[in-house]
Protein chains: 2
Amino acid sequence: MPQKPSTHIKKYSRQRELVLNILRSTKSHPTAEWIYNQAKEKMPHISLGTVYRNLNVLRDEGSIQEIYINENVRRYDGDVRDHYHVRCVLCGCIEDITNMPSPMTMGELQSITDFKILGYRLEFLGICKACQSSTADDDFGG
Amino acid sequence: MPQKPSTHIKKYSRQRELVLNILRSTKSHPTAEWIYNQAKEKMPHISLGTVYRNLNVLRDEGSIQEIYINENVRRYDGDVRDHYHVRCVLCGCIEDITNMPSPMTMGELQSITDFKILGYRLEFLGICKACQSSTADDDFGG
DNA sequence: CTAACTGCAAAGTTTTTGCAATTGC
DNA sequence: GCAATTGCAAAAACTTTGCAGTTAG
């Protein structure tokens, strides 16, 4: 979630470059902790706080993506039917989208909600190859 | 994220019923904290731990939905282009989906990934009515 | 120079857990 | 009764922040 545009002049930092390079050279969608561990191999004194700070800077300037969520808290929904949500990137409020036309377009979407739509995020849930074979005995009902 | 199917016999609990009722009677997609505060009005001695425990039980039995994420950690992606992710509900690993056919169906999706697809979650990002008017001066580039 | 940045450690937030007491079946 | 559940408080997990020292421009 882009914070307010930073007002200060950005300086080069070896640490920030390292974090970005690590992230650019993996397809593993890592956590901050993982990035920190990688970074320590090249720069043993880098701190976890610095990694977090730089991840936030890089995210705010659009150089990297924070996947899924920009909030720390979980939210719950008493309605378990499949339905879509729209979330405000400013205040974090969440509303339901009902009557979704099947092949949605941004334009169509715009017409069924009050929100100004900036984009969407689609996440698939499934079981990876590795887990499929290690749990062949379990039932995942799908 | 459904945990392993619980093996023990579930008992009725007033607290669990209350949590479920609170969740069923709002459209606000609340946080655990909010639910806890509501619950205290009816049951002053209920504890936050109990609310969390019951939210997890209810989610595991499929009575409620946890929105967006079942993980606490943020994950980062060096690729900022729009693309889809597929996440393993068991180990939590995340992979990219490329070459996504435009009108995707579960069947089509199944054919382009190794994952056993259980479902997907679509989240729209936007700016709600209230925030639009309170920030008419800002530019959200969309 | 000086403001951005860092490392470190402490604090903040959200969620989980251990334990003794309680309660549903 | 006995195991599931609870309240409480402590701990765990993740992220942010205050501060004094360092560094890029």
Side-chain angles (χ1 to χ4, degrees), chain A residues 1-20 22-23 29-61 63-64 66-76 92, chain B residues 1-23 29-61 63-76 92:
Chain A
M1 182 171 314
Q3 321 280 59
K4 70 176 62 170
S6 83
T7 164
H8 63 201
I9 291 97
K10 214 159 291 173
K11 280 194 202 167
Y12 169 82
S13 111
R14 232 156 50 80
Q15 286 85 343
R16 183 149 60 234
E17 185 182 45
L18 178 57
V19 167
L20 183 56
I22 288 171
L23 212 29
H29 309 82
T31 62
E33 189 74 30
W34 187 92
I35 295 166
Y36 170 57
N37 286 327
Q38 294 291 304
K40 272 197 295 189
E41 290 182 12
K42 296 249 173 152
M43 201 181 283
H45 289 293
I46 195 172
S47 76
L48 184 56
T50 293
V51 170
Y52 272 109
R53 271 186 292 230
N54 280 316
L55 285 170
N56 288 347
V57 170
L58 291 167
R59 177 247 285 141
D60 289 348
E61 72 184 25
S63 300
I64 65 171
E66 210 174 73
I67 301 187
Y68 302 137
I69 285 269
N70 305 294
E71 255 188 287
N72 288 327
V73 289
R74 301 182 187 180
R75 285 172 174 275
Y76 298 87
Chain B
M1 180 173 313
Q3 324 279 59
K4 70 177 62 170
S6 83
T7 163
H8 63 202
I9 292 97
K10 213 159 294 177
K11 279 193 203 169
Y12 168 83
S13 109
R14 232 156 48 80
Q15 287 85 341
R16 182 149 59 233
E17 186 182 43
L18 177 56
V19 167
L20 183 57
N21 284 342
I22 289 171
L23 213 29
H29 310 82
T31 62
E33 189 74 31
W34 187 93
I35 295 166
Y36 171 57
N37 287 327
Q38 293 291 304
K40 272 196 298 189
E41 289 181 10
K42 297 250 170 147
M43 200 181 283
H45 289 292
I46 195 172
S47 74
L48 184 55
T50 294
V51 170
Y52 271 108
R53 271 185 292 230
N54 279 317
L55 285 171
N56 289 345
V57 170
L58 291 166
R59 175 246 286 142
D60 289 347
E61 74 185 24
S63 299
I64 65 172
Q65 255 196 283
E66 210 174 70
I67 301 187
Y68 303 136
I69 284 272
N70 305 294
E71 256 188 284
N72 288 328
V73 290
R74 301 182 187 179
R75 285 173 174 272
Y76 298 87

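Each chain gets a letter, A, B and so on, in the order the sequences are listed, and its residues count up from 1.
- Scored by the side chain to side chain contact (heavy atoms under 4.5 Å, CB included) test, B:S47 finds B:T50 as partners (sequence neighbours excluded).
- A pairwise comparison of heavy atoms in B:L55 and B:A32 identifies CD1-CB, 3.7 Å as the closest pair.
- The CG-C1' distance, from A:N56 to C:dT6, rounds to 15 Å in whole Å.
- Protein atom CG of A:D60 is 16 Å distant from nucleotide atom C1' of C:dC5, rounded to whole Å.
- You'll find the side chain of B:R59 reaches within 4.5 Å of the side chain of B:N56, heavy atoms only.
- To the nearest 0.5 Å, the span separating CD1 on A:I22 from CD1 on A:I64 amounts to 11.5 Å.
- Rounded to an integer number of Å, the gap from B:R14 CZ to C:dG24 P is 8 Å.
- Every residue was checked against the side chain to side chain donor-acceptor pair (under 3.5 Å) condition with A:R53, not counting sequence neighbours, and none meets it.
- Every salt bridge (charged side-chain N to carboxylate O under 4.0 Å, His left out) that B:E61 has, sequence neighbours left out, goes to B:K10.
- Heavy-atom distances under 4.0 Å link DNA chain C to A:H45, A:I46, A:S47, A:T50, A:R53, A:N54 of residues 42-55 of chain A, given in residue order.
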Please tabulate, one pair per line, all N/O donor-acceptor pairs under 3.5 Å involving side-chain atoms of residues 36-44 of chain B, not counting sequence neighbours.
{"residue": "B:N37", "atom": "ND2", "partner": "B:E33", "partner atom": "O", "Å": "3.3"}

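- For the pair A:K40 NZ and C:dG7 C1', the computed distance is 13 Å after rounding to whole Å.
- Defining each end axis of the helix from C:dC1-D:dG25 to C:dC25-D:dG1 as the rotation carrying four pairs' C1' atoms onto the next four, with five pairs an end, the two axes are found to diverge by 30° to 10 degrees.
- The residue among B:Q15 and B:K11 whose nearest nucleotide of DNA chain D lies closer to the 5′ end is B:K11.
- Nearest to the side-chain atoms of A:Y12 among the listed nucleotides D:dT5, C:dT15, D:dA24 stands D:dA24.
- In this structure, A:S13 does not reach the C:dA4 phosphate: none of its side-chain N or O atoms is under 4.0 Å from OP1 or OP2.
- The residue among A:V57 and B:E33 whose nearest nucleotide of DNA chain C is located toward the 5' end is A:V57.
- When the options A:L58, A:I35, A:L18 are evaluated for a side-chain contact (heavy atoms from CB on, under 4.5 Å) with A:L23, the one that passes is A:I35.
- If you take CZ of A:R16 and C1' of D:dG25, they are 14 Å apart, rounded to a whole angstrom.
- Regarding B:K10, its NZ atom lies at a distance of 7 Å from the P atom of D:dT5, rounded to whole Å.
- One finds the OG atom of A:S63 at 11.0 Å from the CG atom of A:N54 (value rounded to the nearest 0.5 Å).
- In this structure, A:E17 atom CD and C:dC5 atom C1' are separated by 15 Å, rounded to whole Å.
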